[in-house]
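Report on the structure given below.
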Amino acid sequence: MTGWTTGGRARPRSALPGGARADRRAADALVEARDMPDGEARIAELERVAALAEATGDPRAAVDAWSELVEAHLRGGERWRLVEPVRRCLDAATRSRPPAGSAHRVGPDDETSRRYQRYAVEALLGTPRIGLDQARNLLDGLTDPVRTDDESALVAQLRCRVAEHVGDEPAARHWLRRWRAAAPDPAAGCPDCLPVRQAELLAGWGDWAEALAAVEPVLDGPAHCTAQPEAALAGALLPWLRAGAAQRAAQAHVRAYRRHRSAPDGFAHLATHLRYCALGGHLDRGLEILVEQLPRLDQPHDDLSVMEFAAAGALVCALAAEGRDDRTVRRPAYRGRPVAVVPVTALGADLLAAATALAGSFDARNGTGHQSGRMAAWLAERPTAPPVPLPDDDPASPTDEASDEASDGPWGTDGPWGHQGVGDDDSRADSAGDDDGPSAREVGALTVEMITTVLDRRGDGYTLDAAGTVLGRWGAAVIQFRRAGERGDVLHARVVADRRLPATRRAEAYAFCNGWNRDRLLPKAYVHDPGDGDLVLAGEVATDLAYGVAPTQVTVLVDAAVRTGVAYAEAVAALP
């Protein structure tokens with residue numbers, strides 16, 4: 001991927017145009033903000049730095065700060081918040097555009113700029129909090145002025161999705177045809193994920209055979225994306241069920257949910273899994289998934305995924321209560337609601353209210369009734385054929401044979417969630433499984449849980465903040481682990497040595513870091529000057545896991561980061 005990347009020091013520092021400036025306040029403040037851990041404090045500081053840079057006439061620092069904000073919101077999950085930083089970043093870059101032929105460029109390259117605009121349009125489709133006109137304005141800005149056919153894959157894709165979002169199916173089908181006929185566009189998104197989006201559109205229109213044809217190349221070919229093949233399997237779930245391939249759908253559900261149950265990007269697929277359980281006749285399984293996943297509503301997600309999850313959960317509850325209206329579940333704490341044993345009908349009513357409210361907000365923003373109608377159609381669905389047995393799940397999954405046996409009785413204090421709340425230590429098996437078990441070697445997307453599981457096994461203490469940053473101390477070293485990169489597929493470890501050197505020893509500090517980087521592989525050492533008279537000696541290790549990682553590999557990487565980080569801090573402490 002061309003353009004800017006995330007991950008601590010991986011991105012080059014700002015180089016001020018026209019040589020050194022007298023006023024470096026914004027550029028220096030940006031360096032400080034980049035060293036802060038992810039979270040609201042870092043976001044607030046980046047916003048302050050961007051405003052300072054614009055006020056002091058430092059366009060490069062302004063663009064860099066807005067870009068950092070975009071990527072911070074990508075990592076943090078609240079993608080609707082990146083719309084304004086994208087606009088401000090691109091506006092600042094446009095205002096500072098150098099003369100034609102100049103070698104100095106301010107801002108991201110063309111592909112990254114278009115990718116940022118795609119993020120913003122997708123974020124607007126995921127929330128009713130921002131006017132849809134902004135999405136159309138961003139789309140107009142994406143149109144290539146050199147072309148008159150307006151058929152770039154990126155523009156066609158986004159126009160198709162906007163049209164479908166507001167319920168204009170004829171326009172959406174028109175743009176889908178142009179999207180599928182257009183040449184590939186690197187800014188349009190992951191090539192393995194785009195056919196899945198097309199299959200989801202076709203499935204939403206009831207074109208089951210076409211949906212399966214769209215996703216088939218991803219299922220049959222080698223996976224080049226960490227989201228695959230599970231995303232493709234989820235996209236094929238309902239088409240297979242509707243087409244009479246119930247056994248294949250059952251296998252796809254079990255395999256895909258094994259990843260989606262905990263992966264950060266899996267929440268958007270949960271509604272499909274719940275609908276499959278409802279329409280495939282697996283209501284016990286559907287209730288298990290619903291109860292397990294309710295706490296994830298406390299995490300940042302786009303409103304569209306929350307609406308769909310709530311509607312699909314309400315459908316599961318309604319069908320489960322049809323045959324037995326006194327059924328209860330142990331509802332975990334979420335969104336301010338305490339843990340409680342509640343009737344399935346009450347849980348379904350809560351979810352229905354949430355889905356209805358969000359659908360109404362989307363429709364009020366869009367000026368149509370499409371989202372409310374779509375959710376109503378979901379709630380009216382019923383199973384079309386007898387259920388087929390689900391294949392055996394991974395033993396480390398929460399839906400193992402013990403859960404199946406417990407589901408025979410009434411759910412409540414004696415059900416599969418009766419003794420443990422979701423999130424309790426014994427409510428689910430360790431996600432990494434035994435070191436010799438199959439799940440320990442199963443490759444999947446990097447998750448925060450993989451990191452914390454390694455530290456738990458080591459017996460190390462750590463803290464975990466809301467942004468998913470893991471922070472711990474090992475002797476003279478403070479080490480931070482976080483998921484970096486656009487998809488959160490870079491394991492980034494940063495070590496800071498307790499020992500500081502006075503600023504007067506800057507040359508010695510540089511010589512030490514240069515010697516370490518010459519003689520040692522890890523970590524990459526550098527000197528940071530916070531401006532308080534002392535120098536901080538830090539290091540980092542960034543591992544690209546775009547093709548997936550097994551829990552056993554995460555164990556090796558975390559162990560190596562801790563071991564080399566401690567060695568680095570001890571070497572700093574031993575300096576004269």
**Item:** Nearest-0.5 Å distance that lies between atom CE in Met450 and atom CD in Gln553
**Value:** 9.0 Å
**Request:** Would you indicate whether the side-chain heavy atoms of Asp303 and Met307 approach each other to under 4.5 Å?
**Result:** no
**Message:** For Glu449, is there any backbone N or O sitting under 3.5 Å from a side-chain donor or acceptor partner on Thr453?
**Reply:** yes
**Request:** With the side chain counted from C-beta on, respond yes when Cys160 and Leu176 share a heavy-atom pair under 4.5 Å apart, and no when they do not.
**Result:** yes
**Asked** Is a salt bridge present between Arg258 and Glu230, judged by a nitrogen-to-oxygen distance below 4.0 Å?
**Response** no
**Prompt:** Looking at residues at least two apart in the chain, or sitting in another chain, which of them share a ring-ring contact (aromatic ring centres under 6.0 Å, His included) with His370?
**Reply:** none
**Item:** Separation of Leu270 CG from Thr272 OG1 (nearest 0.5 Å)
**Value:** 8.5 Å
**Item:** Heavy-atom side-chain proximity of Val291 to Pro332 below 4.5 angstrom
**Value:** yes
**Request:** Go through the steps to decide whether Asp456 and Tyr462 satisfy the test side-chain contact (heavy atoms from CB on, under 4.5 Å), and finish with yes or no.
**Result:** CA-CA 9 Å; Asp456 288 338; Tyr462 60 87; 2.9 Å; yes
**ring pair (Phe, Tyr, Trp, His ring centres under 6.0 Å) between Phe362 and His165, intermediate numbers included** = CA-CA 9 Å; Phe362 275 111; His165 180 75; 5.4 Å; yes
**For Pro195 against Ala214, the heavy-atom pair lying closest together** = CB-O, 3.4 Å
**Atom of His273, atom of Tyr257 and distance for their closest heavy-atom approach** = CE1-N, 3.4 Å
**Item:** Spacing of Leu69 atom CG and Leu46 atom CG [to the nearest 0.5 Å]
**Value:** 4.5 Å
**Asked** Do Arg382 and Leu279 have side-chain heavy atoms sitting under 4.5 Å apart?
**Response** no
**Message:** Regarding Arg374 and Glu308, does a basic nitrogen lie under 4.0 Å from an acidic carboxylate oxygen?
**Reply:** yes
**Asked** If only atom types and distance count, is the side chain of Arg482 paired as donor or acceptor with the main-chain N or O of Val470 below 3.5 Å?
**Response** no
**Message:** For a side-chain contact (heavy atoms from CB on, under 4.5 Å) check, start with the C-alpha distance between His174 and Arg159, then their side-chain angles and the critical distance, and finish with the verdict.
**Reply:** CA-CA 10 Å; His174 164 77; Arg159 291 197 185 281; over 6 Å; no
**Message:** Would you say Arg255 and Gln251 are linked by a side-chain donor-acceptor pair, where the criterion is simply a distance under 3.5 Å?
**Reply:** no
**Asked** Is there a donor-acceptor contact under 3.5 Å from the side chain of Gln228 to the main chain of Val218?
**Response** no
**Complete:** In short, Arg261 meets Gln293 closest at the heavy-atom pair O-NE2, 3.0 Å
**Request:** Report yes or no: do Thr127 and Asp302 form a side-chain donor-acceptor pair below 3.5 Å?
**Result:** no
**Item:** side-chain contact (heavy atoms from CB on, under 4.5 Å) against Ala250, all qualifying residues, sequence neighbours excluded
**Value:** Gln247, Tyr276, Val388, Leu390, Pro391
**Prompt:** Quick one: are Leu287 and Leu283 in side-chain contact, heavy atoms under 4.5 Å?
**Reply:** no
**Prompt:** Can you name the closest pair of heavy atoms from Cys277 and Gly286 and give their distance?
**Reply:** CB-CA, 3.6 Å
**Message:** Any side-chain to backbone donor/acceptor pair from Ser372 onto Gly369? Under 3.5 Å, distance only.
**Reply:** no
**Val341 side chain near Val329 side chain, heavy-atom distance below 4.5 Å** = no
**Request:** Working to the nearest 0.5 Å, report the span between NE2 of His253 and CD1 of Ile289.
**Result:** 4.0 Å
**Pair Glu84 + Arg87: basic N to acidic O under 4.0 Å** = yes
**Prompt:** Checking side chain to side chain contact (heavy atoms under 4.5 Å, CB included) against Leu446, which of Asp489, Val490, Val549 comes through?
**Reply:** Val549
**Evaluation steps, side chain to side chain donor-acceptor pair (under 3.5 Å), between Tyr116 and Glu71** = CA-CA 9 Å; Tyr116 277 9; Glu71 292 171 350; 3.1 Å; yes
**Prompt:** Roughly how far apart are Thr368 OG1 and Asp168 CG, rounded to 0.5 Å?
**Reply:** 9.5 Å
**Message:** Let's go through Asp133 and Arg365 carefully: what are the C-alpha distance in whole Å and the side-chain angles of both, what is the deciding distance for salt bridge (charged side-chain N to carboxylate O under 4.0 Å, His left out) to 0.1 Å, and is it a yes or a no?
**Reply:** CA-CA 10 Å; Asp133 286 343; Arg365 191 273 303 269; over 6 Å; no
**Request:** Any chance you could lay out the side-chain contact (heavy atoms from CB on, under 4.5 Å) test for Leu351 and Leu315, step after step, and finish with the verdict?
**Result:** CA-CA 9 Å; Leu351 293 170; Leu315 174 62; over 6 Å; no
**Message:** If you define the side chain from C-beta out and look only at heavy atoms, does anything of Val166 sit under 4.5 Å from Leu132?
**Reply:** yes
**Request:** Would you confirm whether Arg335, through its side chain, and Leu297, through its main-chain N or O, come within 3.5 Å as a donor-acceptor pair?
**Result:** yes
**All pairs passing ring-ring contact (aromatic ring centres under 6.0 Å, His included) where residues 287-322 contributes a residue, at least two apart** = Phe267-His301, Phe267-Phe309
**Prompt:** Taking side chain as C-beta onward, heavy atoms only, is Val306 less than 4.5 Å from Leu358?
**Reply:** yes
Atom pairs and distances, donor-acceptor, side-chain atoms in residues 231-245, under 3.5 Å, two or more places apart:
residue : atom : partner : partner atom : Å
Arg242  : NH2  : Glu381  : OE2          : 2.9

**Asked** Between Arg331 and Pro338, is there a donor-acceptor pair closer than 3.5 Å when you use the side chain of the first and the backbone of the second?
**Response** yes
**Prompt:** How would you list, by chain and number, every residue that makes a ring-ring contact (aromatic ring centres under 6.0 Å, His included) with Phe481, sequence neighbours excluded?
**Reply:** none
**Prompt:** So, does Thr555 use its side chain to make a donor-acceptor pair with the main chain of Val454 at under 3.5 Å?
**Reply:** no
**Request:** Provide the closest heavy-atom pair for Ala312 versus Ala271 in the form atom of the first, atom of the second, distance.
**Result:** CB-O, 3.5 Å
**Prompt:** Counting N and O atoms only, with roles assigned by atom type, does the side chain of Asp185 sit under 3.5 Å from a partner on the main chain of Ala153, one being a donor and the other an acceptor?
**Reply:** no
**Message:** Tell me whether the rings of His260 and His269 are parallel (<30°), tilted (30 to 60°) or perpendicular (>60°).
**Reply:** parallel
**Item:** Under 3.5 Å: donor-acceptor pair, side chain of Asp363, backbone of Gln371
**Value:** yes
**Prompt:** In terms of side-chain heavy atoms, does Gln157 have a donor or acceptor partner in Arg197 at a distance below 3.5 Å?
**Reply:** yes
**Request:** Decide side-chain contact (heavy atoms from CB on, under 4.5 Å) for Asp465 and Leu471; before the verdict, give the C-alpha distance in whole Å, the side-chain angles of both, and the deciding distance to 0.1 Å.
**Result:** CA-CA 8 Å; Asp465 67 15; Leu471 186 68; over 6 Å; no
Which pairs of donor and acceptor atoms, one on a side chain in residues 199-210, lie under 3.5 Å apart (sequence neighbours left out)?
residue : atom : partner : partner atom : Å
Asp207  : OD2  : Arg173  : NH1          : 2.9
Asp207  : OD2  : Arg173  : NH2          : 2.9

**Prompt:** Taking atom types as modelled, is there a side-chain donor on Gln299 or Tyr334 under 3.5 Å from an acceptor on the other?
**Reply:** no
**Asked** Which value, rounded to the nearest 0.5 Å, describes the distance between Arg79 atom CZ and Leu82 atom CG?
**Response** 7.5 Å
**Complete:** Residues Thr447 and Ser262: closest non-hydrogen pair is CG2-O, 4.3 Å
**Message:** Main chain of Ala546, side chain of Asp544: is a donor-acceptor contact present, judged purely on distance under 3.5 Å?
**Reply:** yes
